[in-house]
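To keep things clear, I will list the structure first and then write my remarks on it.
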Amino acid sequence: MTAGLGGRSLRTRLLLFVGVTLVVVCAAMTFTTAVVQRSSLMGELDGRVTNAAQRSLGGVALHRDDEANLSFLTENGHPVGMLAARLDDHGTVVSAAIVSQDAPPQNLSAVQRTALKGTATNGSKHTVTVPGLGTYRIAGLDSDGIRVLAGLPMDDVQDMIDGLVEAEAVVAAAGLAAAGIVCAVVIRRQLRPLGRVAATAVEVSRSPLGRGEVTGLTRVPARETDPRSEVGQVGAALNRMIDHVESSLAERRRSEEQVRHSEERMRRFLADASHELRTPLASIAGYAELMNRGTDRVEPVLAWRRVSAESARMTGLVEDLLLLARLDGGRPLESAEVDLAAVAAEALWDARAAGSGHDWQLVLSLDEAPALVAGDEARLHQVVANLLANARVHTPAGTTVVAEVAATPERCVVRIRDNGPGIPAELLPRVFERFTRADTSRSRAAGREGGSGLGLAIAAAIVGAHGGRVDVDSVPGRTEFTIELPRVGDTVQAATAFSIRA
């Protein structure tokens with residue numbers, strides 16, 4: 001039965017199971033009622049049969065010697081249809097008659113008397129079918145050698161039981177029909193929320209979750225998520241699953257975008273690094289080739305100067321790349337107490353020597369506390385030097401460059417600002433990325449000084465390794481880089497947190 005119902009809807013299966021259950025219950029009630037009623041009627045009939053047998057025994061006792069005498073049946077008080085019989089010592093029916101309506105008792109035929117043969121006379125009740133008369137309930141008694149049988153027809157009892165069964169069947173059929181209609185309506189209404197939940201699940205299953213951007217998946221209505229009901233629990237669980245699916249898809253999209261972005265950055269990094277390394281290598285190879293062909297083509301001293309310059313340039317680029325790799329790997333830097341004011345002053349003097357055409361200024365705002373941090377002095381000097389060099393290279397002569405050092409009880413701040421033309425707006429968001437240059441061409445104009453585009457990236461990485469941060473704000477006429485570092489006491493904790501995040 002389960003296999004046959006497997007392809008049907010839950011509503012149909014519930015109706016079938018409820019219907020079968022009601023039919024079984026009604027059948028059991030009808031059967032029980034019929035059995036109880038029949039037992040009651042049979043008990044009453046057996047009492048009447050026993051009474052009739054006792055009266056027959058008393059009537060026969062008046063005519064003990066006449067075995068064929070059944071004259072007592074003519075007396076009033078005997079029910080119509082009652083039969084009585086006398087037996088001999090061997091249990092053979094000697095005489096038998098039946099009480100008729102408004103007529104003398106009628107003797108039974110030989111065939112009918114044969115049906116009564118063998119009935120015990122110990123008072124037990126027997127059901128016997130008498131040909132031509134029907135089914136009788138018979139009892140036999142034996143007293144002082146007198147043996148009699150008395151019986152009453154069972155037609156009334158059977159008719160009453162049949163009528164009772166028919167009435168109960170009609171009532172049960174009507175009740176089953178009414179119950180079926182009510183159950184169908186109730187089941188339909190109760191399963192309607194489950195249908196809406198199923199429709200939501202089907203709609204979600206048809207969404208292209210495996211490809212494309214999936215947002216705004218359909219949810220189960222709030223009224224169908226009541227945790228007090230099973231349907232509400234299913235609806236709430238489905239909504240949670242849809243939330244997890246959307247968050248997983250969003251996370252997957254973010255991961256894919258990060259991977260694509262990382263791949264793009266890696267390709268750009270490799271291309272830029274290859275170009276930066278290829279240029280000095282090509283120069284070295286070219287001068288070496290010229291020297292191999294003879295000194296008449298190029299002056300040896302000039303060639304060796306160019307080879308040394310390009311080698312130094314390539315060495316600096318490789319060292320910058322190695323430094324970034326060490327910082328990316330979270331390798332710890334040297335840690336000692338560093339005075340940022342002294343570092344800024346030294347870097348400013350170096351920048352003044354390299355760019356005498358600029359106006360270099362140092363401002364110290366150390367009223368609240370000294371600018372002391374815990375870190376690597378050489379690397380912090382490199383940060384300030386890179387920012388000052390960036391201002392020197394990308395601003396015209398006569399530009400004012402100010403290095404300001406300030407300190408509070410919580411942090412130390414170094415600001416490098418100038419009044420040059422500023423950083424292009426499209427370049428500002430990625431100014432700290434590696435190999436980012438204002439000159440987007442890979443070749444530099446002759447005689448123009450420029451870096452590899454790693455200076456600001458190295459500065460940001462070093463500041464981050466010290467638990468600080470570096471920002472830039474630029475508009476035409478004002479560009480300011482801000483370095484914030486934790487003061488001594490907070491530096492160790494901040495640097496550890498940075499390492500963990502990295």
Side-chain angles (χ1 to χ4, degrees), residues 261 264-265 268-269 271-272 275-276 316-317 320 324 340-341 343-365 371 379-406 411-464 466 468-485:
H261 184 63
E264 292 174 0
R265 290 182 59 187
R268 186 169 66 249
F269 174 81
D272 290 337
H275 175 77
E276 293 294 337
L317 177 61
D320 288 344
L324 287 173
L340 286 183
V343 170
E346 293 176 2
L348 189 68
W349 280 107
D350 295 340
R352 178 178 294 174
S356 58
H358 289 65
D359 181 16
W360 303 94
Q361 299 180 9
L362 177 64
V363 178
L364 301 178
S365 302
R379 295 307 177 192
L380 292 176
H381 183 277
Q382 184 178 1
V383 171
V384 180
N386 284 356
L387 295 179
L388 291 174
N390 183 74
R392 174 176 57 82
V393 171
H394 297 289
T395 58
T399 301
T400 299
V401 181
V402 179
E404 180 183 357
V405 181
R411 66 182 185 274
C412 298
V413 180
V414 179
R415 297 183 179 90
I416 308 297
R417 61 177 176 269
D418 62 72
N419 58 353
I423 302 174
E426 65 276 7
L427 188 65
L428 195 61
R430 52 189 182 89
V431 71
F432 292 107
E433 295 182 3
R434 298 167 189 184
F435 295 108
T436 298
R437 297 193 300 265
D439 181 11
T440 57
S441 63
R442 294 197 180 274
S443 60
R444 297 182 178 86
R448 182 176 178 181
E449 182 182 6
S452 61
L454 294 177
L456 295 182
I458 291 174
I462 293 174
V463 172
H466 284 79
R469 64 187 184 92
V470 58
D471 296 320
V472 61
D473 183 20
S474 180
V475 294
R478 179 182 174 84
T479 299
E480 183 176 272
F481 286 87
T482 303
I483 302 171
E484 292 187 1
L485 293 169

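Counting begins at 1 with the first residue of the sequence.
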Is any side-chain heavy atom of [X] closer than 4.5 Å to a side-chain heavy atom of [Y]?
X: Val413; Y: Arg415; value: yes
X: Arg392; Y: Val401; value: no
X: Val402; Y: Val363; value: yes

Looking only at heavy atoms, which two atoms of [X] and [Y] are closest? And how far apart?
X: Gln361; Y: Thr400; value: NE2-CG2, 3.7 Å
X: Leu364; Y: Ala341; value: CD2-CB, 4.0 Å
X: Ala371; Y: Cys412; value: CA-SG, 3.5 Å
X: Thr479; Y: Gly422; value: OG1-CA, 3.2 Å

Exercise. State which residue, out of Leu456, Ile483, Leu388, Val414, fulfils the side chain to side chain contact (heavy atoms under 4.5 Å, CB included) condition with Val383.
Key: Ile483

Practice problem: In sequence, state the C-alpha distance, the side-chain angles, and the governing distance for Phe481 and Asp473, and then conclude on side chain to side chain contact (heavy atoms under 4.5 Å, CB included). | Solution: CA-CA 7 Å; Phe481 286 87; Asp473 183 20; over 6 Å; no

Practice problem: Kindly determine whether Arg411 and Leu485 satisfy side chain to side chain contact (heavy atoms under 4.5 Å, CB included), including the steps that lead there. | Solution: CA-CA 6 Å; Arg411 66 182 185 274; Leu485 293 169; over 6 Å; no

Could you list the donor-acceptor pairs under 3.5 angstrom formed by side chains in residues 351-358, with sequence neighbours left out?
residue, atom, partner, partner atom, Å
Arg352, NH2, Trp360, O, 3.0
His358, NE2, Thr395, O, 3.3
His358, NE2, Thr395, OG1, 2.9
His358, NE2, Pro396, O, 3.2

Quiz item: So, the side chain of Thr399 versus the backbone of Asn419: is there a donor-acceptor pair under 3.5 Å, distance only?
Solution: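 Judged by distance alone, no pair lies under 3.5 Å.
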
Practice problem: Before giving the answer on side chain to side chain contact (heavy atoms under 4.5 Å, CB included), spell out for Ser474 and Glu480 the whole-Å C-alpha distance, their side-chain angles and the decisive distance to 0.1 Å. | Solution: CA-CA 6 Å; Ser474 180; Glu480 183 176 272; over 6 Å; no

Exercise. Begin with the C-alpha distance, continue with both residues' side-chain angles, and end with the deciding distance and a verdict on side chain to side chain contact (heavy atoms under 4.5 Å, CB included) for Leu428 and Val472.
Key: CA-CA 8 Å; Leu428 195 61; Val472 61; 3.8 Å; yes

Pair up each side-chain donor or acceptor in residues 343-350 with any protein partner under 3.5 Å, not counting sequence neighbours, and list the distances.
none

